[in-house]
Protein chains: 2
Amino acid sequence: MVTLKDVAREAGVSPKTVSRVVNDDPAVNVKTREAVAEIVRRMHYVPDHAARMMRMSHSSVVGLMTDAVATTPYSVDIVRGTQAGLREQSRTMLIANTDGDPQQEQEYWRMFRAHKVAGVVYATMYHRPVDLGAPDFERGIVLANCYSARRSHSSVVPDDEGGGYTQARHLIELGHRRIGIVSLSPVLRATVLRGAGYRTAFAEGGLLYDPALEIPGFITRPDGGEDLVAYDAALGLLRRPDRPTSIICGNDQIAVQIYAAAATLGLSVPDDLSVMGFDDMTVITQTLKPMLTSVALPYFEIGRTAVDILSRINGEAEGPVPPQVLVPCPLVTRQSCRQLV
Amino acid sequence: MVTLKDVAREAGVSPKTVSRVVNDDPAVNVKTREAVAEIVRRMHYVPDHAARMMRMSHSSVVGLMTDAVATTPYSVDIVRGTQAGLREQSRTMLIANTDGDPQQEQEYWRMFRAHKVAGVVYATMYHRPVDLGAPDFERGIVLANCYSARRSHSSVVPDDEGGGYTQARHLIELGHRRIGIVSLSPVLRATVLRGAGYRTAFAEGGLLYDPALEIPGFITRPDGGEDLVAYDAALGLLRRPDRPTSIICGNDQIAVQIYAAAATLGLSVPDDLSVMGFDDMTVITQTLKPMLTSVALPYFEIGRTAVDILSRINGEAEGPVPPQVLVPCPLVTRQSCRQLV
DNA sequence: CCTGCCATTGACATCGGTGTCACAACCTGG
DNA sequence: CCAGGTTGTGACACCGATGTCAATGGCAGG
C-alpha cells in the first residue's frame, strides 16, 4: 500500500502538500502541483478511505436499505438509479437487503452507523407507507417508492395517479368508450391512486365510470400471499354482451393473462381488444405478441432523485427539501392498443 | 458519537480493556467483562468501522462488481445470494454497477482499493468469459456467472449442460419422442453447453438429434442487439407435417412466444404441445396460462457460493479453492408439459 | 518467605490521512 | 527601505481503534 508519506518522500515535499494536491486545494504552486500529481499517478497512489473517513468523521458512502427489491424484477432499477446519482458525486453505496425482517433491519441500521454513511436511501418493493423504527440516525434519510406514515422523512414515489390517468387518457384518445379495468389488489395504495386517475380521465372524456367494469386481477389469500386471477377476471369482462373494447391492467403480468383470455375467446389483440399494461417490465412488454403498450414505473429516476434529495438534506447541494417528490410514469407506446374508427 | 474512550471512562477501565471486551478477547476477567458489556449496551456504543479498518488495514466489506445485472431481471438474485452469504459472516458489500463501461470499471476498481475491500465478487449478466483488465488488486476475486478466459480466477457458473440435459430428460421421461428446440443465440456459451446436454439426454433416450428441429429464437442484429423471433421460429416448427409434440426453450421469454404461436395455430398447451422454459423467471413462469415448467437459473445460489469461495481464497474458511464450481439448475415442474400416453 | 508463573490490566505507539497554525519568501505601496 | 499583506509550505496534533509489551497482584511450589 503506497501512502501519502511515500509519495511525499518521493516528491521531496511534505505529506500535507501531497494531501493538498490530491484534494485540489488551490493553495499549491502550479509547478509543485504538477510535479506531485505526476508522482501520484506514477506510484498509483489511492487515498486510503479509512484514514480519510476517520479524520473527517463521515464517509463518502451512502447506505441503501431495501426490503425485498429483488422480488419485483425491475425495482432493482432503483438500485441502478441510486448508483447513477452517486457516481456523479463519486460516491458509492453500501447495500443492505432486509428481506422485510425487522431484526435484520436493526442490524443494518447499526452497521450503517458503524460505517458513518453519509445518508440512507430506504427503498421498498411496493409503493407503501413505512414507519421507520425510530433509528437514532443523525444523517439524512430519504424514502424511495415509499413514504413516511408520520411524514417525518422526505420521499420519492411514482405518480400513480398520473400513471392511471395516462393509461385511461391514451385509450380515450384512441376512441375507446368502453374500457375495462383489471386492477391490482384493492388494498394497495397504487390501486386507489390510479383509480382516481382513471376517474379524472373518464370525466374529461365524458365517460361514465362503471364499477362493473373494474375487477381485481389479484386476490389476497388468507396467508398474505396473492393469487393471479386476471385470466378469469378477463373472461368475465370479455363474455359480457357489451364487452369492453380495451382493458387497462394493473401491471404487465395481468396483461399476459388478458392476452391468454382473449386467445381463448378467439379475440385478437389489438384488433378486437386493446390492452394497456403498467410497470413496463421489458421482459414481458417486449416479448408478448403483439408487444405491449404500457406505462412505465420510473424506478431508475426514483433512485436518482432520492440521491438528489439526500444531498440537499445534507446541505451538499443547493435547493429546497421537498417533503415528497412525485416522479411521472411515462407512456411507452407499442402495438397492443389500436385506434378505433 | 460514543467512542471506546467514553465507555472506558464510564466503566473506570482503560480503552484497551473495552476493546478486549468488544472483541471477545478471553483474557478479561469475567466480572470486568460483564460490567463493561453492560455499559457498552447502555451507551449504544458501536465500534467505528473506519478506525478499526485503518488499524487492521483491511475492511470487512466485500465489493460486488456487476456489468448490467439489472437488464436480466432475476440475475439480481446474485446480489441477494451474495448478501445472504456475507450476512453470515456479518459483512456487507459495496456495490458497483459498471453498465459494461470499462472506464467505469477502472474507476470502481480504484474505489475498491481505496476501501480496502476484503475481496471482490465479479458478476455478469450472461454466462460468459471475461478478461479482467489485470486490476492490480491484492485480495481475492471470484467470478460469478462468468469465468476467466485465462483461468486466472475461480468462477461459479450455472451448469448449463446439466440444465439442458434436465430439460430434455424430463420431456423424454414424459414420453415425448419428437422434441423441437428454440434456442438462444448460437454465439452464447450457454447455447453450446445446453446443446451438449440435449444430445446426451437424446442419446440416453434413444432419440436422434435432428438439427432441423433446432431453431434460434433470438437473432443478433448487426448493431449487436438481439431480436426475439421465437414466434416465427415456433410457427415454422409447428406447421411441419411431423410437428414436434414438445418444445424446449432457451429461456422463458421464448416460451411466451411459443404460447402465442400455439394459440395462433389453434393448438393448446399442454394438450397439443408441451413447452419447457429456462431461467424460471417467476414473473413469466407463474403468469402464463398454463403456468410454465422451467429449469431455474440458480442465481441466488451462485452468489452465495461465490462468497464461500472468496472466504476460502482469503484463508478465512477451510477448504480447497476450486477453479470452477458448477451450480445445478433445478427443474421446476408446473403445468406446461404433459405425459404422452 | 522467596521465586517464578499466570492472569489481568494499562501505557503507549501506530495506522494514514487532514485541520490548525506558524513561518519563510516574496510582493506592494508609501 | 520598511510595514503589512499574500502565497506557499511544513510541523504537529489528532481522529478511534488495536498490537506490543510492561506492570501489577495473586498464588503455588520449594
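Order of the sequence lines sets the chain letters (A, B, ...), proteins ahead of strands, with each chain counted from 1.
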*Heavy-atom closest pair, residues B/V307 and B/G85*: CG1-C, 3.9 Å
*Looking at the side chain of B/V13, which of C/dT9, C/dG10, D/dT9 is the nearest nucleotide?*
C/dG10
_So, does A/S19 get its side chain near the phosphate of C/dG17, meaning an N or O under 4.0 Å from OP1 or OP2?_
no
*By side chain to side chain contact (heavy atoms under 4.5 Å, CB included), which residues pair with B/M43, not counting sequence neighbours?*
B/V2, B/D6, B/V7, B/E10, B/I39
Listing time: all N or O pairs from protein to nucleotides 4-7 of chain C that are below 3.5 Å?
none

*Provide, to the nearest angstrom, the distance between the NZ atom belonging to B/K116 and the C1' atom belonging to C/dG17.*
10 Å
*asked:* Rounded to whole Å, how long is the line connecting atom NE2 of A/H115 with atom C1' of D/dA17?
replied: 15 Å
_Note, A/I309 side chain near A/P322 side chain (heavy atom, < 4.5 Å)_ = yes
*With axes from five pairs an end, tell me the bend angle of the helix from C/dC1-D/dG30 to C/dG30-D/dC1, nearest 10°.*
40°
_Strand contacts (DNA chain C) in residues 30-56 of chain B, 4.0 angstrom heavy-atom criterion_ = B/T32, B/M54, B/R55
*asked:* Below 4.0 angstrom, which residues in residues 1-9 of chain B have at least one non-hydrogen atom near DNA chain C?
replied: none
*Within less than 4.0 Å of OP1 or OP2 of D/dG10, is there a side-chain N or O belonging to A/T17?*
yes
*Nucleotide D/dA17, atom P - distance to CZ of A/R113 in whole Å*: 12 Å
*How does protein reach along nucleotides 20-27 of chain D, written 5' to 3' as B (base within reach of a heavy atom under 4.0 Å), S (only sugar-phosphate), or - (no contact)?*
--------
*Rounded to the nearest 0.5 Å, what's the gap from OH on B/Y299 to CG on B/N145? Could you check?*
5.0 Å
*asked:* By the definition side chain to side chain contact (heavy atoms under 4.5 Å, CB included), identify the one residue from A/V61, A/D48, A/V46 that meets it with B/H115.
replied: A/V61
*Indicate whether any N or O donor in one side chain lies under 3.5 Å from an N or O acceptor in the other, for A/T66 and A/N97.*
yes
_Distance test, side-chain N/O of A/S14 to OP1/OP2 of D/dT9, below 4.0 Å_ = no
*Taking every non-hydrogen atom, the tightest pair across B/P328 and B/P298*: O-CG, 3.3 Å
*Check whether any side-chain N or O of A/N23 sits under 3.5 Å from a backbone N or O of A/D25 as a donor-acceptor pair, and report yes or no.*
no
_Any B/S57 side-chain heavy atom under 4.5 Å of A/M1 side chain_ = no
*Going through the distances and angles, do B/M54 and A/R55 end up as a side chain to side chain contact (heavy atoms under 4.5 Å, CB included)?*
CA-CA 11 Å; B/M54 186 162 141; A/R55 195 62 177 81; over 6 Å; no
_Does A/R189 qualify as a cation-pi partner of A/Y147, given the criterion of NZ or CZ under 6.0 Å from the six-membered ring centre and within 45 degrees of its axis?_
yes
